Amino acid sequence: MSAIQNLIVQLQQGTIGQWYAAKSPTDRLIIKILSGLIAATIVYVAVWKPLSDYNQEQQARHVTELALSEWIILNQESLRQSAKQPTSGNSAPALIPSITSAANQNRLKLERLQPESDGGVSIALQDQQFNQVVKWLTLLESNQGLNVERLSIDRADKSSRVNGQVKLTN
């Protein structure tokens, strides 16, 4: 006897098999149809749908990669020329050390420094002494030659403390 036949015999002799055998032929037909629908639903949800979704994602990725490949081929010469030319645009990484050292001199804690595409740096300040912020900005403008392009300062909860956003450029 094979393992499948052994399993069928055990199901027929078990409580489920006895329950099924006690049903009328019409009820058995309905149970078979419902069991088939449930099995088909499980196969669809567990196997077919994930495979279909994965296939669609991969096809979309293929189209995107193909378009990128064609763009690179069409612009290959201009990409080579731009790679040979020296870059003079983004000086934000060079600004960050001078900004942080000036902040350390004025005992300021900078929450976030974010280089921007135009070469500037955006800085977030939280709960800092107003006078220290003014001294820090003055130091950056006079000694480092940086310009304050955008400044937004709000009063914090404590007296003489501020929160702010600053954008500095070269």
Side-chain angles (χ1 to χ4, degrees), residues 7 16 33-170:
L7 181 64
I16 295 175
I33 291 171
L34 287 176
S35 297
L37 288 174
I38 290 170
T41 302
I42 289 172
V43 168
Y44 175 77
V45 169
V47 178
W48 185 262
K49 183 70 170 139
L51 286 175
S52 175
D53 291 348
Y54 179 77
N55 184 27
Q56 288 176 351
E57 289 172 10
Q58 292 306 312
Q59 285 177 352
R61 183 176 175 204
H62 173 72
V63 168
T64 304
E65 296 294 331
L66 187 60
L68 177 63
S69 173
E70 289 172 355
W71 183 86
I72 289 173
I73 290 170
L74 290 173
N75 295 302
Q76 190 172 17
E77 189 59 38
S78 62
L79 290 172
R80 283 189 184 137
Q81 288 176 356
S82 67
K84 291 177 184 177
Q85 295 174 353
T87 58
S88 60
N90 195 356
S91 61
L95 296 177
I96 291 175
S98 60
I99 292 170
T100 55
S101 74
N104 290 337
Q105 288 175 4
N106 286 289
R107 296 181 303 276
L108 286 177
K109 182 177 179 251
L110 306 178
E111 286 296 314
R112 182 176 42 96
L113 281 94
Q114 182 175 352
E116 295 198 1
S117 60
D118 63 356
V121 177
S122 288
I123 303 144
L125 304 166
Q126 290 285 30
D127 196 32
Q128 300 298 314
Q129 287 280 344
F130 177 74
N131 292 339
Q132 299 296 11
V133 172
V134 172
K135 287 179 187 176
W136 171 64
L137 291 173
T138 305
L139 177 69
L140 288 172
E141 280 190 326
S142 61
N143 293 354
Q144 307 292 335
L146 299 178
N147 297 317
V148 176
E149 185 173 305
R150 183 179 67 235
L151 176 63
S152 171
I153 295 180
D154 298 318
R155 188 176 77 178
D157 294 335
K158 298 175 187 172
S159 177
S160 76
R161 306 289 258 175
V162 294
N163 299 326
Q165 294 282 328
V166 181
K167 181 177 179 187
L168 299 171
T169 58
N170 229 351

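Position 1 is the first residue of the sequence; numbering continues from there. Nothing here was measured: the structure is a model prediction, and the numbers come from that model.
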Euclidean distance, [Y] [atom2] relative to [X] [atom1], rounded to 0.5 Å:
X	Y	atom1	atom2	answer
Leu125	Leu137	CG	CG	7.5 Å
Trp136	Gln105	CH2	CD	12.0 Å
Lys109	Gln126	NZ	CD	8.5 Å
Ser160	Arg155	OG	CZ	11.0 Å
Gln165	Arg150	CD	CZ	7.0 Å
Asn131	Asn106	CG	CG	10.5 Å

Return a table of donor-acceptor pairs under 3.5 angstrom between the side chains of residues 62-73 and protein atoms on other chains or two or more places apart.
unit_1, atom_1, unit_2, atom_2, d
Thr64, OG1, Ala60, O, 3.0

(message) Are the side chains of Val162 and Val133 in contact, using a 4.5 Å heavy-atom criterion?
(response) yes
(message) Using side-chain heavy atoms (C-beta onward) and a distance below 4.5 Å, is Ser122 in contact with Val166?
(response) no
Which heavy atom of [X] sits nearest a heavy atom of [Y], and at what distance?
X	Y	result
Val134	Thr138	O-OG1, 2.8 Å
Leu140	Ile99	CD2-CA, 4.0 Å
Pro97	Thr100	O-OG1, 3.0 Å

Residues 40-52 side chain polar contacts: donor-acceptor under 3.5 Å, at least two apart:
unit_1, atom_1, unit_2, atom_2, d
Thr41, OG1, Leu37, O, 2.8
Lys49, NZ, Asp53, OD1, 3.2

(request) Mind jotting down which residue pairs meet the salt bridge (Lys or Arg N to Asp or Glu O under 4.0 Å) criterion with at least one end in residues 161-170? Sequence neighbours excluded, please. (result) Glu116-Lys167, Asp118-Lys167, Asp127-Arg161, Glu149-Lys167
(request) Give a yes or no on whether Ile16 atom CD1 has more than 12 heavy-atom contacts from other residues, nucleotides or ligands under 6.0 Å away. (result) no
